[in-house]
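Some notes on the structure that comes next.
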Amino acid sequence: TRRDAIPTPLLQGFPDMGRHTNWHYVDYNFSPDRTPFPPLETPNALTELRRMIDILGKPVDDSSNPVYALPWFLHIGGDVHNPLHDVSRYSHDLPQGDRGGNNVFVTGQNLHAFWDGLGGSNMSQAYVDAFATQIEGEYKANQKTYLPEIDPEVWTLEGFNNARKVVYSFGLPNGSQEHPIVLSKAYKSKAKSLGKRQLAAAGIRLAAVLNGHLN
């Protein structure tokens with residue numbers, strides 16, 4: 001967006017190098033205090049996941065550019081397993097919506113960042129491998145529950161329900177940078193448990209889609 005910005009060189013198989021920020025979420029809007037909210041906007045994560053899944057598995061030289069579909073599918077598919085990528089809460093205090101928790105402040109960060117960080121902040125391969133092994137072991141028994149759910153609409157609606165029931169369970173306050181919401185130990189514990197479950201579900205579900213389209 002800067003005037004002096006240099007465009008990212010176009011990669012083979014990519015129709016453009018745009019960030020497409022509105023592809024990363026699908027805002028199922030709601031209001032606990034009856035504040036008016038707009039209808040679902042498109043394009044969004046759900047419309048793009050469906051489009052990418054249709055492209056996966058086509059020949060590499062197909063004109064629909066299947067090369068770019070794979071990284072986008074993996075990225076957006078992972079995104080929507082964070083419940084705050086599936087919701088925007090409208091209220092008297094935030095009549096324009098909370099932008100998936102980005103405008104809700106908890107101690108030290110915003111609510112969206114808190115939920116994004118439940119897997120940890122260590123980006124090393126060793127940590128990622130160890131954490132993946134841990135959650136695979138904990139949730140392997142649930143694979144039969146998650147594997148049939150290869151419809152991205154199911155993933156996003158599940159995230160929306162988790163947001164309403166768990167993410168916003170602290171109540172109506174949105175906090176502020178000066179007076180953030182203090183999350184209880186019980187809330188953090190439940191969030192960590194749900195976060196790990198969602199990471200496991202994402203891995204199982206994305207793999208199931210890829211196995212169905214790339215084998």
Side-chain angles (χ1 to χ4, degrees), residues 1-2 5 8 17-49 52 71-123 152-153 155-199 201-202:
T1 57
R2 298 194 313 268
T8 303
M17 300 303 293
R19 294 176 62 199
H20 300 294
T21 55
N22 55 344
W23 292 7
H24 297 255
Y25 57 87
V26 50
D27 280 346
Y28 295 113
N29 301 320
F30 83 104
S31 173
D33 60 13
R34 299 186 179 181
T35 297
F37 54 82
L40 187 67
E41 295 182 356
T42 58
N44 56 48
L46 180 57
T47 63
E48 299 314 295
L49 278 171
M52 301 303 169
W72 269 113
F73 165 71
L74 294 173
H75 186 116
I76 303 170
D79 275 347
V80 299
H81 281 80
N82 172 351
L84 284 169
H85 279 263
D86 306 306
V87 69
S88 188
R89 185 174 77 163
Y90 287 71
S91 64
H92 293 319
D93 291 337
L94 293 175
Q96 302 303 314
D98 73 351
R99 296 177 54 246
N102 280 290
N103 291 337
V104 177
F105 294 92
V106 299
T107 305
Q109 59 193 322
N110 65 49
L111 186 64
H112 190 108
F114 170 81
W115 279 84
D116 263 349
L118 290 173
S121 58
N122 189 330
M123 302 296 289
E153 185 173 19
W155 309 345
T156 59
L157 289 174
E158 176 187 78
F160 174 61
N161 289 326
N162 282 330
R164 295 191 65 171
K165 294 177 181 178
V166 181
V167 175
Y168 295 111
S169 62
F170 52 77
L172 289 175
N174 294 302
S176 66
Q177 290 180 314
E178 296 78 16
H179 302 286
I181 298 167
V182 179
L183 300 176
S184 67
K185 290 183 179 179
Y187 180 96
K188 291 180 179 179
S189 177
K190 192 168 186 177
K192 186 174 182 179
S193 178
L194 177 59
K196 289 169 68 176
R197 193 191 92 171
Q198 289 301 101
L199 284 168

Smallest separation among heavy atoms of [X] and [Y], with atom names:
X      : Y      : answer
Trp155 : Asp86  : O-OD2, 4.4 Å
Glu48  : Ile76  : CB-CD1, 4.1 Å
Ala163 : Pro83  : N-CB, 3.9 Å
Leu40  : Tyr28  : CD1-N, 4.2 Å
Ala113 : Asn110 : N-OD1, 2.7 Å
Gly77  : Leu49  : N-CD2, 3.6 Å

Nearest 0.5 Å please: distance from the [atom1] atom of [X] over to the [atom2] atom of [Y].
X      : Y      : atom1 : atom2 : result
His179 : Ser176 : NE2   : OG    : 5.5 Å
Thr47  : Trp23  : OG1   : CH2   : 8.5 Å
Leu111 : Arg99  : CG    : CZ    : 12.5 Å

Check whether the side chains of [X] and [Y] place a donor and an acceptor atom closer than 3.5 Å, and report yes or no.
X      : Y     : answer
Thr42  : Asn44 : no
Asn174 : Arg89 : yes
Asp27  : Tyr90 : no

I'd like to know if the side chain of [X] and the backbone of [Y] have a donor-acceptor N/O pair within less than 3.5 Å.
X      : Y      : result
Asp98  : Asn103 : no
Ser189 : Ala186 : no
Gln198 : Asn82  : no
Thr8   : Met17  : no
His112 : Gly100 : yes

I'd like to check [X] versus [Y] (side-chain heavy atoms, cut-off strictly below 4.5 Å). Are they in contact?
X      : Y      : result
Pro152 : Val80  : no
Arg197 : Asn162 : yes
His85  : Asp116 : yes
Thr107 : Leu183 : no
Tyr187 : Phe114 : yes
Ser193 : Lys190 : no
Ile181 : Phe105 : no
Glu153 : Leu46  : yes

Legend entry - Near-ring test Trp72/His24, centroid separation under 6.0 angstrom: yes

Inset, instruction - May I have the step-by-step check of ring pair (Phe, Tyr, Trp, His ring centres under 6.0 Å) for Phe30 and Tyr168, ending in yes or no? - result: CA-CA 12 Å; Phe30 83 104; Tyr168 295 111; 5.8 Å; yes

Inset, instruction - Give a yes or no on whether Gln109 atom CD has more than 12 heavy-atom contacts from other residues, nucleotides or ligands under 6.0 Å away. - result: yes

Legend entry - Residue pair Asp93, Ser91: steps toward the side-chain hydrogen bond (donor to acceptor under 3.5 Å, both in side chains) verdict: CA-CA 5 Å; Asp93 291 337; Ser91 64; 5.2 Å; no

Inset, instruction - Evaluate side-chain contact (heavy atoms from CB on, under 4.5 Å) for Leu194 paired with Trp115, printing each intermediate quantity in order. - result: CA-CA 10 Å; Leu194 177 59; Trp115 279 84; 3.9 Å; yes

